[in-house]
Amino acid sequence: MEEKNFFDKVYEVAQQIPYGRVTSYGAIAKYLGAARSARMVGWAMNNSLTKDVPAHRVVNRVGLLTGKQHFDGTNLMQQLLENEGIQVENNQIIDFQKHFWDPGKELESFY
DNA sequence: GAATTGACGTTCT
DNA sequence: AAGAACGCCAATT
């Protein structure tokens with residue numbers, strides 16, 4: 001009953017993404033124990049668009065703003081990332097690995 | 001109610 | 001090594 005669905009878990013992880021950092025769908029999925037459910041993360045983001053989840057900080061594993069087409073504006077997602085100090089060009093994040101935030105790594109490093 | 005799609009990533013051939 | 005197929009869960013048609 002209290003088992004949260006995959007989606008709910010994704011929301012929580014996405015909300016934990018720090019400012020100026022980005023992550024990938026696969027990273028979140030892997031953190032939840034379902035590396036092959038990366039697609040579901042994307043679906044969750046689609047639902048999270050109406051929530052307080054910074055979906056603009058989540059991109060695919062190449063750092064490509066694949067879901068930018070789901071945002072209102074055309075470059076809204078890109079502008080949000082640039083606003084946080086992340087360099088984006090051609091819908092792709094520059095130094096993606098540099099701004100990468102792995103939940104299964106950063107969070108576990110706390111303890 | 002069943003079949004298909006969907007912000008991806010891994011695994012097999 | 002490169003390309004194709006599969007897998008995951010939920011929502012939509």
Side-chain angles (χ1 to χ4, degrees):
Chain A
M1 283 189 273
E2 279 138 39
E3 280 285 316
K4 292 184 180 176
N5 290 339
F6 201 94
F7 275 42
D8 294 327
K9 293 180 185 172
V10 175
Y11 300 148
E12 291 193 29
V13 176
Q15 288 176 4
Q16 290 170 44
I17 302 176
Y19 179 90
R21 284 286 167 80
V22 285
T23 187
S24 63
Y25 308 98
I28 299 175
K30 205 167 216 178
Y31 175 68
L32 300 178
R36 311 172 114 173
S37 315
R39 295 175 106 183
M40 288 20 301
V41 179
W43 265 115
M45 294 275 109
N46 204 358
N47 284 274
S48 72
L49 284 172
T50 59
K51 304 179 188 309
D52 297 327
V53 179
H56 63 273
R57 291 182 188 158
V58 184
V59 295
N60 68 359
R61 72 173 187 87
V62 241
L64 193 67
L65 281 59
T66 51
K68 94 167 218 167
Q69 67 174 328
H70 291 270
F71 283 77
D72 286 340
T74 322
N75 332 347
L76 178 62
M77 187 174 184
Q78 178 171 341
Q79 291 188 15
L80 286 170
L81 291 171
E82 288 183 336
N83 188 23
E84 296 189 357
I86 300 175
Q87 299 171 311
V88 180
E89 185 168 321
N90 194 14
N91 299 335
Q92 187 173 5
I93 298 178
I94 302 177
D95 295 326
F96 172 61
Q97 206 175 57
K98 192 162 148 187
H99 297 286
F100 188 64
W101 179 79
D102 192 335
K105 189 175 183 181
E106 303 290 326
L107 293 179
E108 284 185 48
S109 296
F110 266 97
Y111 74 99

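Residue numbers start from 1 in every chain, and the chains themselves are labelled A, B, ... in the order their sequence lines are given, proteins ahead of strands. Source: prediction; values computed, not measured.
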Taking any heavy-atom pair under 4.0 Å as a contact, classify L64(A): base, sugar-phosphate, or nothing. nothing
Give me the distances for all protein-to-nucleotides 10-12 of chain C N/O pairs that come in under 3.5 Å?
none

For N91(A), is there any backbone N or O sitting under 3.5 Å from a side-chain donor or acceptor partner on K68(A)? no
Just call it for A44(A): base, sugar-phosphate, or nothing, with non-hydrogen atoms closer than 4.0 Å on any strand. nothing
Check for a donor-acceptor pair, side chain of N5(A) on one end and backbone N or O of F7(A) on the other, with a separation under 3.5 Å. no
Set of residues satisfying salt bridge (charged side-chain N to carboxylate O under 4.0 Å, His left out) with respect to E82(A), sequence neighbours excluded: none
So with a 6.0 Å cut-off around CG of D95(A), is the heavy-atom count from everything else above 12? yes
Non-neighbouring partners of Q79(A) that pass side-chain contact (heavy atoms from CB on, under 4.5 Å), sequence neighbours left out: N75(A)
So, the side chain of S37(A) versus the backbone of M40(A): is there a donor-acceptor pair under 3.5 Å, distance only? no
For dA7(B) and dG3(C), measure between their P atoms and round to the nearest Å. 23 Å
Sort and list the pairs that fulfil ring-ring contact (aromatic ring centres under 6.0 Å, His included) and have at least one residue in residues 8-30 of chain A, not counting sequence neighbours. none
Report all side-chain donor-acceptor pairs from residues 50-63 of chain A shorter than 3.5 Å, counting only partners two or more places apart or in another chain.
| from | atom 1 | to | atom 2 | distance (Å) |
| --- | --- | --- | --- | --- |
| T50(A) | OG1 | N47(A) | O | 3.0 |
| H56(A) | NE2 | E84(A) | OE2 | 3.1 |
| R57(A) | NE | E84(A) | OE1 | 3.0 |
| R57(A) | NE | E84(A) | OE2 | 2.9 |
| R57(A) | NH1 | I17(A) | O | 3.0 |
| R57(A) | NH2 | E84(A) | OE2 | 2.8 |
| N60(A) | OD1 | V62(A) | N | 3.2 |
| N60(A) | OD1 | G63(A) | N | 3.0 |
| N60(A) | OD1 | L64(A) | N | 2.7 |

For nucleotides 8-13 of chain B, 5' to 3', base contacts (B), sugar-phosphate-only contacts (S) and non-contacts (-) with protein non-hydrogen atoms under 4.0 Å give BS-S--
Please report the distance separating the C1' of dC6(C) from the corresponding atom of dT4(B), rounded so that it comes out in whole Å. 16 Å
